[in-house]
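I have placed the structure first, in the form of structure tokens, so that the comments after it can refer back to it.
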There are 4 protein chains.
Amino acid sequence: MNIHSPSLFTKLPVMSDKKKRILQATEKLLAEYGFHGISMQMVAKEAGVATGTIYRYFEDKDDLLHQLHDHILSYVAHKISQNISDDMPLQQRFRTMWLNIWNMATEDDAPLINRGQFENLPRRKCHEQRLLEKKMFAQVDQLFEEGKACGLFKELDNEILSVLSLETSACLARKHINGVYKVSDADLESAIQASWDAILQH
Amino acid sequence: MNIHSPSLFTKLPVMSDKKKRILQATEKLLAEYGFHGISMQMVAKEAGVATGTIYRYFEDKDDLLHQLHDHILSYVAHKISQNISDDMPLQQRFRTMWLNIWNMATEDDAPLINRGQFENLPRRKCHEQRLLEKKMFAQVDQLFEEGKACGLFKELDNEILSVLSLETSACLARKHINGVYKVSDADLESAIQASWDAILQH
Amino acid sequence: MNIHSPSLFTKLPVMSDKKKRILQATEKLLAEYGFHGISMQMVAKEAGVATGTIYRYFEDKDDLLHQLHDHILSYVAHKISQNISDDMPLQQRFRTMWLNIWNMATEDDAPLINRGQFENLPRRKCHEQRLLEKKMFAQVDQLFEEGKACGLFKELDNEILSVLSLETSACLARKHINGVYKVSDADLESAIQASWDAILQH
Amino acid sequence: MNIHSPSLFTKLPVMSDKKKRILQATEKLLAEYGFHGISMQMVAKEAGVATGTIYRYFEDKDDLLHQLHDHILSYVAHKISQNISDDMPLQQRFRTMWLNIWNMATEDDAPLINRGQFENLPRRKCHEQRLLEKKMFAQVDQLFEEGKACGLFKELDNEILSVLSLETSACLARKHINGVYKVSDADLESAIQASWDAILQH
DNA sequence: AATGAATGAGCGTTCATTCAT
DNA sequence: AATGAATGAACGCTCATTCAT
């Protein structure tokens with residue numbers, strides 16, 4: 001199998017230009033002003049459309065935020081799977097994913113996730129949503145399945161393995177960004193190793 | 001040293017009845033409707049006081065949320081340190097703390113923490129705040145320090161050790177409560193062991 | 001030079017219908033309830049628009065009152081200069097202005113000035129504002145300058161001459177309207193003569 | 001007859017200490033923060049009494065302001081009549097009154113009048129109020145009556161004479177204080193003379 | 001399809017007034 | 001008589017949503 005391609009984004013070209021601009025504007029404003037600080041008027045202005053136009057593409061504000069959540073989620077899934085191929089050794093794949101998460105949360109081009117605003121976005125609770133997420137993070141699932149199959153990983157559900165190892169990356173990045181605690185490069189390596197230790201069969 | 005006593009709450013009896021009711025109402029509503037869904041009028045109604053009364057005890061909405069944050073934080077610190085004494089073996093202390101977090105997040109009397117709304121409460125960024133938090137989680141720090149001193153734990157900052165091991169408990173509990181993934185008793189034991197593995201010197 | 005034309009009002013036709021209605025409503029309510037008795041809701045209701053609509057045309061309540069002040073000021077300047085031409089004898093010009101003020105304050109279509117609420121409207125203190133006022137009352141200034149030039153009037157600053165002679169008209173009108181004292185036609189003639197005496201070189 | 005004595009204030013000693021403190025506090029705050037900026041709570045705090053206490057002495061806020069109006073009015077009447085005795089020549093009496101008004105409005109000890117806040121105080125419109133005012137300004141009336149009796153002044157009602165001559169002092173002082181126009185000492189003398197000219201039989 | 005003026009319910013907050021103590 | 005905590009209506013203002021164009 002090859003390096004993961006952004007197939008999740010194939011729906012994007014179908015998306016009208018205006019709709020994309022609205023979503024991007026929302027993301028930018030959310031990162032800049034936080035959840036409280038944005039209004040539909042602001043989004044419209046930033047996107048360069050009329051207020052009413054937003055309602056052609058989104059049912060209401062909640063829907064806009066829902067769709068932004070999905071939009072970002074697919075971006076995240078894409079980013080996590082970057083530079084991963086099936087023939088890489090398990091630990092290297094793990095390390096790459098861990099750093100993908102760290103970099104994404106730490107870099108400037110994903111300002112929303114940095115600020116912890118993403119978690120606050122209203123999520124649809126429905127079943128399809130869960131299935132979608134499952135599909136998006138197929139690469140992660142595959143990693144865990146393979147690790148368990150060869151007796152390397154603990155025999156736990158992927159959800160739990162994910163919390164034990166990868167969630168740590170996001171959690172640490174959040175603290176790093178918030179300024180709560182500055183993580184050095186050496187810290188980073190140790191944290192990756194420790195996350196690996198957590199899921200390893202000892 | 002003895003079992004941790006709820007000394008952090010000695011200020012609570014001094015707190016006026018009304019103020020406590022307002023804080024509790026806010027917590028409940030926050031859990032129910034989330035950060036963006038509550039208004040001062042709702043809080044007042046839920047607390048059974050007049051709108052203006054809130055402003056007798058809190059400067060403004062931000063102050064109310066700040067104080068709620070502090071209030072919950074001290075509750076959390078208290079809960080985490082429950083049933084911990086210095087002469088318990090390290091692993092037992094760790095296990096107890098891990099479960100303290102799990103139970104707290106899982107039980108009904110701490111509805112806010114369950115929903116992950118707590119993290120998003122506005123925090124005061126000042127230095128004193130950080131010191132206070134440090135003091136509150138003294139038991140956690142002591143555990144990590146002792147573990148490192150006897151060569152049992154990895155030589156990492158307590159903040160990182162905390163993310164690697166205890167944060168896992170909260171994260172898992174959140175998913176459990178949200179219905180994202182149901183954690184069985186066996187899962188729980190495995191997760192505790194895995195969290196322990198994460199910080200252990202291998 | 002010809003009779004003063006209402007050139008100051010050329011901007012009015014440009015003004016949106018809603019904005020004009022809001023200003024008129026504000027003026028009416030100000031006259032009826034005074035400065036402290038009006039709310040934005042009342043203005044909206046009186047103007048027949050929604051509350052939010054006011055904020056489309058005015059930044060905030062202060063801005064509304066400022067603009068009303070300017071609006072009325074230009075109306076006053078216009079009214080004062082009515083039926084004045086440069087070739088009229090000085091005393092006739094004075095008499096006309098004096099009566100212009102009296103009539104304006106006494107008639108029904110300028111309810112605000114009647115009640116002395118106008119003076120208390122918040123004013124912008126900036127320099128441009130002062131220049132604007134100067135320009136608006138050019139006719140008044142010209143009268144005083146000519147009077148001084150030909151040795152008829154006392155050698156005093158126009159501001160003082162204005163207080164001594166024309167302010168009297170406004171002051172008397174205010175008392176007349178307030179019912180404090182009813183001014184007869186004979187009184188009026190005497191008052192005009194006395195105002196004239198005040199600035200005359202004796 | 002002797003120098004005017006503060007007979008109008010004989011009711012003051014009867015006034016309770018608390019009531020006086022409340023009135024003084026109100027005056028001070030009115031001068032400092034203007035009409036908009038004071039609340040009953042502020043008045044109570046400034047006066048050093050409980051909020052509820054105000055309502056023992058004043059029916060409501062309107063009543064407090066009414067009574068303050070009366071209080072200040074009697075102060076003004078007292079000030080105007082200062083240093084006036086019946087045997088002084090008319091013009092000297094006039095000049096003294098004119099300057100009494102000017103000084104009062106210009107000095108620091110009557111901060112309220114300076115700011116034009118006094119005029120805005122709600123006034124009772126009733127007949128008794130008018131009689132009271134009449135009585136308070138007896139000295140002014142007497143001046144005008146004597147002037148008319150000896151053929152010196154124009155045969156006009158005292159109200160009109162007052163507007164023509166003394167009101168000028170207040171009006172000028174207002175502009176002086178507001179910074180609209182700075183009045184020099186020479187201006188002052190000229191203005192007094194002009195005010196005198198206004199009411200004089202020519 | 002797109003606009004943006006208009007809407008009005010609802011926000012956070014204030015404050016004149018009351019009343020149990 | 002005096003207190004001050006409590007009240008809740010009303011404030012200035014915002015903003016998600018609608019609809020005539």
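Every chain is numbered from 1, with letters handed out A, B, ... down the list of sequences.
Note on ring orientation: taking the six-membered ring where Trp is involved, the planes of C:His36 and D:His36 are perpendicular (angle over 60°, cut-offs 30° and 60°).
In this structure, D:Lys45 places its NZ atom 14 Å from P of E:dT14, rounding to the nearest Å. Distance, D:Met42 CE to F:dG4 P: 18 Å, rounded to whole Å. Atom OH of B:Tyr57 and atom C1' of F:dA6 are 8 Å apart (whole Å). Computed from coordinates, the B:Leu29 CG to E:dC11 P distance equals 12 Å when rounded to whole Å. Atom CD1 of B:Ile22 and atom C1' of E:dT13 are 14 Å apart (whole Å). Going from atom CD1 of B:Ile54 over to atom P of E:dG12 covers 9 Å, rounded to whole Å. What separates CG of B:Asp17 from P of F:dA5 is a distance of 15 Å, to the nearest Å.
Direction change of the helix axis from one end of the helix from E:dA2-F:dT21 to E:dT21-F:dA2 to the other is 20°, with five pairs defining each end axis (rounded to 10°).
Here the straight-line distance linking atom CE of B:Met40 with atom CZ of B:Phe58 works out to 8.5 Å at 0.5 Å rounding. If you take CD1 on D:Ile22 and CG on D:Asp17, they are separated by 9.5 Å, rounding to the nearest 0.5 Å. Of the inter-residue distances, the one linking C:Met42 atom CE with C:Lys45 atom NZ reads 9.5 Å to the nearest 0.5 angstrom.
In this structure the side chain of C:Arg56 never reaches within 4.5 angstrom of the side chain of C:Lys18, judged on heavy atoms. In this structure, D:Leu68 and D:Leu30 have side chains that are in contact, with non-hydrogen atoms separated by less than 4.5 Å. Contact of the C:Met15 side chain with the C:Leu23 side chain is registered, since non-hydrogen atoms from C-beta on lie closer than 4.5 Å. Between C:Val43 and C:Thr51 there is no side-chain heavy-atom pair separated by less than 4.5 Å.
A close approach under 4.0 Å does occur between a side-chain nitrogen or oxygen of D:Lys18 and OP1 or OP2 of F:dA2.
No contact: C:Phe58 has no heavy atom under 4.0 Å from any strand.
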* **Protein-to-nucleotide contact annotation, 5' to 3' order, nucleotides 12-21 of chain F [B base; S sugar-phosphate only; - none; under 4.0 Å, heavy atom]** => BBBBBBB---
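C:Thr53 places no side-chain N or O within donor-acceptor distance of the main-chain N or O of C:Val49, the cut-off being under 3.5 Å.
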